[in-house]
Amino acid sequence: MKQSIIIHAGAGKHRASLKDVDRIVKLAVEEGFKQKKNGALDMSVKAVEVMESSGFLNSGSGSVRQDDGKVRMDGSIALSNGAVSSVLGLPGCWNVSLICKTLLSSKNPMMCGRQLKHKLQHLGFNELEPDLESYREWFNLGQNSPGTVGAVAFDGDTLCAVTTTGGRSGVEAGRIGDSGIIGSGSSANSIGAVSCTGIGEAIVRSRLSDYALRLMDSMNPMKACQESIKKLEQDIFDEGIGGLIAINNKGEIGWAFNTQEMPIGFK
Ligand code: ASP
């Protein structure tokens, strides 16, 4: 069975140069793929962790701020065995991929806000150092804050999707997007796994990751991604902007986006 991984670094025009983003994406794919003996969960979490720690993307240390000047992160993991975890509105900059991985085996795998922050401090997680330069530049750009990160992987048996983000810059404090919502930002079943990026409100309204997953019953991942973008545009008109990546249980991959850029890497 073919083991594979595909990752994205967010849909839209990036703040960092494409050269920098491509370098991070390439490193993330390599590091993720090295985990293949440990399985799809470790493959996708490692790739996302590398991107979160880079400071170049809108997740982890490069996360953008909401309109009260604070960062609140979202993220999720979905596995083909039915396990899921999610983080919503977590204050500060974190490796949310690692937090979601830990939550998978917890009694309460979906957590939010300040209570989660206290739990993490108790568990020994450390906040990442924020990338202040990114904050300033991105905040001035208003809503334009691409750089959400995601990965989907297949290890020959299990499929996994991971998505994490700082959300959208300048939005109302407490807003959450699609990235922490299973069935919208991340989905997985025995057929495939999907991770989405773009305008979260639109992605949630069209339940984009679940929609793509259903199409994969009868289509390859590439076709399913292309059809999903059409649905996003048809359903949501002005705000149907984004992209997605997908993988199936044959190790085939796909991606599609309707923005200027969506850096991807795969192996
Ligand atoms: N989907 C993310 C959100 O709305 C942002 C993005 O992917 O660019 O929070």
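Atoms within each ligand, like the ligands themselves, are counted from 1 in listed order. Starting from 1, each residue takes its place in the sequence as its number.
- Residue H8 does not touch ligand 1, judged by heavy-atom distances below 4.0 Å.
- In this structure, the side-chain contact (heavy atoms from CB on, under 4.5 Å) partners of A28, at least two apart in sequence or on a different chain, are I7, A47, V50, M51.
- Considering backbone and side-chain N/O of G198, one or more are found under 3.5 Å from N/O of ligand 1.
- Both the backbone and the side chain of T197 come within 4.0 Å of ligand 1, judged by heavy-atom distances.
- No side-chain donor-acceptor contact under 3.5 Å links D178 to the backbone of I203.
- Between G200 and ligand 1, an N or O atom pair is found at a separation short of 3.5 Å.
- The closest side-chain donor-acceptor pair between T163 and S179, if any, does not fall under 3.5 angstrom.
- Residue-ligand proximity, T148 to ligand 1, at heavy-atom distances under 4.0 Å covers atoms 2 (C), 5 (C), 6 (C), 7 (O), 8 (O).
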Show every donor-acceptor pair shorter than 3.5 Å between a side-chain atom in residues 210-220 and any protein atom, with sequence neighbours excluded, or say none if there are none.
unit_1	atom_1	unit_2	atom_2	d
D210	OD1	S187	OG	2.7
S218	OG	L215	O	3.4
N220	OD1	M222	N	3.2
N220	OD1	K223	N	2.8

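- If you number the atoms of ligand 1 from 1 as listed, the ones under 4.0 Å from a heavy atom of D178 come out as 1 (N), 2 (C), 3 (C), 4 (O).
- Among protein heavy atoms, the minimum distance from atom 9 (O) of ligand 1 is reached at R175 NH1, 2.8 Å.
- For the residue pair S61 / E52, no side-chain donor-acceptor distance below 3.5 Å is found, with atom types taken as modelled.
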